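All remarks here apply to the structure that follows.
Every number for a ligand or one of its atoms is a count from 1 in the order of the listing. Just so we're clear, the structure is a prediction, and the values are computed from it rather than from any experiment.
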Amino acid sequence: MHYIYIYLLGIVFVIIELLLLFFYIRFKKKSNQNSLNPSQISEQDYSFIFKSINEGIIVIDKNLNISLFNPAAESITGWQLNDVLKMNIKLMIKLLDDKNKPVSDQDNPFIKVFNTKQNVRNTNLQIVNKDTSTISVSINAFPIKQNDQVTSAIILLRDIDEEKKEEEQLVDFISTASHEMRTPVAAIEGYLSLAMNTKISNIDNNVRDYLQKAYMATSHLGQLFQDLLTSAKAEDGRLTNHPQVIEMGSFLKQLTEDLKFSAQKKGLKIELVIGSEEKIKNEIVNEKNILPFYYVYADPDRLREVITNLFDNAVKFTPEGGITIGITADQNIVQIFVRDTGIGIPSEDINHLFQKFYRIDNTATRTIGGTGLGLFIAKKILELYNGKIWVESELKKGSTFYINLPKLNDSQVEELNHKITDLNNGVG
Ligand code: ADP
């Protein structure tokens with residue numbers, strides 16, 4: 001009897017399991033039917049997505065003629081599909097850079113995507129609309145390849161006018177706020193140094209110590225406001241900039257003389273290498289073409305700011321050893337480097353170093369003052385002169401910051417000097 005119960009119970013369990021399995025299979029089948037399977041998306045679905053997406057989608061062929069233009073592209077540009085179909089995109093959609101200058105063919109993403117055969121992305125462009133108004137856009141161009149040949153390209157167009165305006169307002173606010181706050185901070189700094197002056201006030205050592213600390217904190221605040229102001233100006237293109245022809249060899253010689261004391265005070269050796277043996281990094285160099293003069297076109301005050309920042313950092317982050325400032329060139333590029341034997345930079349931080357407020361978080365940087373804006377400002381300044389900056393570093397061995405600037409040839413030097421003389425004499 002007992003065995004019969006166990007037997008019946010077993011049968012009930014098997015039935016329940018079979019029922020569960022049946023429902024599971026049905027449920028799975030149904031959910032598969034409901035989910036989007038790319039192979040089952042119909043042409044109608046694609047057309048719906050193409051029409052309802054709020055990002056402009058344009059397809060062009062290798063002659064730059066437009067073959068697809070979705071409603072979002074129509075509302076961004078003001079052109080209707082009928083106006084642009086089979087028309088050359090370069091003629092229909094004129095592009096301006098962030099300085100309102102027409103974008104050259106070399107930098108035009110519609111052309112570049114065919115030349116480079118790679119995705120091209122640019123978030124600093126404006127398009128001129130049908131009604132000649134301009135609008136800030138982000139452009140992503142994707143190549144479509146057949147047998148390694150780009151046969152057409154998909155252009156994604158995003159209206160970023162609002163984002164840009166908000167960014168500008170923020171930069172404006174930072175600029176005004178830091179400008180207003182610099183004045184009282186400078187006054188506090190002045191009064192504190194008066195209070196510490198033994199000829200004016202009689203204070204005991206304890207009070208002097210407190211005042212000294214207050215003075216240091218206030219100068220840090222003053223530097224932060226100054227850097228904030230400079231970086232805000234750099235971002236909205238209001239940085240004062242009076243470029244002229246500079247011979248970088250003699251410029252660096254003078255600058256090294258001015259800077260060396262802070263390093264020597266710390267016991268660091270200073271070396272200046274003009275026309276170094278070092279090959280230009282990332283550029284092809286022909287040794288025979290190295291010339292004794294290194295002419296560039298930039299504002300000397302701005303370049304001084306950049307190199308002083310690199311040098312100050314090298315001093316701050318180098319406990320012992322030395323700092324080398326060097327310059328070399330090939331036909332097209334003047335390269336300056338600032339090398340130290342300091343603490344080095346972890347590889348994971350290198351890509352972020354030129355971002356605003358980026359400071360590496362370690363025991364060394366926690367005790368060493370700074371705002372994290374110096375390298376961001378340096379990068380922005382160098383961009384004014386089509387230059388670039390980057391760093392190579394090894395932990396505990398040291399870092400080398402490189403700057404590349406376009407090199408002027410003799411006739412460019414002569415032409416620019418003439419222009420400047422003419423301007424000073426009121427000609428032209
Ligand atoms: P700041 O020096 O005011 O903090 P910077 O933008 O000039 O700002 O530098 C950002 C960070 O990069 C520094 O805080 C430091 O962590 C790192 N750094 C810069 N230069 C060096 C260097 N020569 N050696 C090691 N770390 C450096």
Side-chain angles (χ1 to χ4, degrees), residues 171 174 178 182 185 216-235 239 252 255-256 259-260 262-273 278 281 301-327 335-384 387-404:
V171 168
I174 292 174
S178 44
R182 238 168 18 129
V185 167
M216 298 278 280
T218 319
S219 341
H220 177 72
L221 203 59
Q223 187 60 51
L224 179 64
F225 289 143
Q226 179 60 51
D227 283 358
L228 272 174
L229 190 61
T230 317
S231 72
K233 282 183 176 175
E235 275 182 281
L239 218 50
L252 278 185
L255 189 56
T256 312
L259 293 173
K260 68 179 185 198
S262 62
Q264 283 169 344
K265 249 190 352 206
K266 217 177 153 185
L268 300 172
K269 244 178 73 186
I270 301 300
E271 199 183 356
L272 173 67
V273 186
E278 181 122 342
K281 298 268 175 176
D301 290 336
R302 294 278 163 234
L303 280 193
R304 194 171 295 116
E305 241 173 284
V306 171
I307 295 161
T308 305
N309 180 56
L310 296 185
F311 190 87
D312 286 348
N313 278 348
V315 174
K316 280 198 290 191
F317 299 109
T318 305
E320 58 182 23
I323 297 163
T324 311
I325 297 183
I327 182 164
Q335 185 169 87
I336 299 147
F337 66 86
V338 179
R339 173 170 304 141
D340 64 56
T341 57
I343 60 171
I345 298 162
S347 55
E348 65 269 22
D349 291 303
I350 287 200
N351 283 339
H352 306 284
L353 224 52
F354 298 91
Q355 289 166 1
K356 247 190 285 183
F357 298 113
Y358 198 84
R359 304 197 74 218
I360 298 163
D361 188 21
N362 57 29
T363 37
T365 48
R366 255 173 256 144
T367 51
I368 296 169
T371 62
L373 282 167
L375 291 176
F376 171 77
I377 293 172
K379 184 166 175 271
K380 285 280 168 196
I381 291 176
L382 291 166
E383 279 170 7
L384 291 176
K388 62 176 190 176
I389 179 166
W390 76 102
V391 62
E392 287 174 12
S393 183
E394 205 178 323
L395 264 185
K396 297 191 184 140
K397 294 243 166 92
S399 313
T400 307
F401 283 83
Y402 292 95
I403 292 172
N404 276 5

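Side-chain atoms of Glu305 and Asn309 form no donor-acceptor pair, as typed in the model, at a separation below 3.5 Å.
With ligand atoms numbered from 1 in the order given, ligand 1 contributes 7 (O) to contacts under 4.0 Å with heavy atoms of Asn309. Per-residue contacts place Lys316 under 4.0 angstrom from the following atoms of ligand 1 (heavy atoms of the residue considered): 1 (P), 2 (O), 3 (O). Numbered from 1 in the order shown, with element, the atoms of ligand 1 that lie under 4.0 Å from a heavy atom of Gly344 read 25 (C). Below 4.0 Å from some heavy atom of Leu373 lie the following atoms of ligand 1, by number and element: 6 (O), 8 (O). Counting atoms of ligand 1 from 1 in the listed order, those under 4.0 Å from a heavy atom of Ile360 are 16 (O), 17 (C). Residue-ligand proximity, Arg359 to ligand 1, at heavy-atom distances under 4.0 Å covers atoms 4 (O), 14 (O). Residue Leu353 approaches ligand 1 through these ligand atoms, each under 4.0 Å from one of its heavy atoms: 12 (O).
Using a 4.5 Å cut-off on side-chain heavy atoms (C-beta onward), Phe357 and Leu228 make contact.
Checking only distances, Leu375 does come within under 3.5 Å of ligand 1, N or O to N or O. In terms of polar-atom proximity, Phe317 is not counted as a contact of ligand 1, lacking any N or O under 3.5 Å from an N or O of the ligand.
Contact annotation: for Tyr358 versus ligand 1, heavy atoms closer than 4.0 Å belong to the backbone alone. For Asp312, no heavy-atom contact with ligand 1 is shorter than 4.0 Å. With a heavy-atom cut-off of 4.0 Å, Thr318 does not touch ligand 1 at all.
Residue nearest to atom 23 (N) of ligand 1, selected from Ile377, Asp349, Val338, Asp340: Asp340 (by heavy-atom distance).
Across Leu373 and Ser231, no two heavy atoms sit closer than the pair CD2-OG, 4.1 Å.
With sequence neighbours left out, Lys397 forms a salt bridge (charged side-chain N to carboxylate O under 4.0 Å, His left out) with Glu394.
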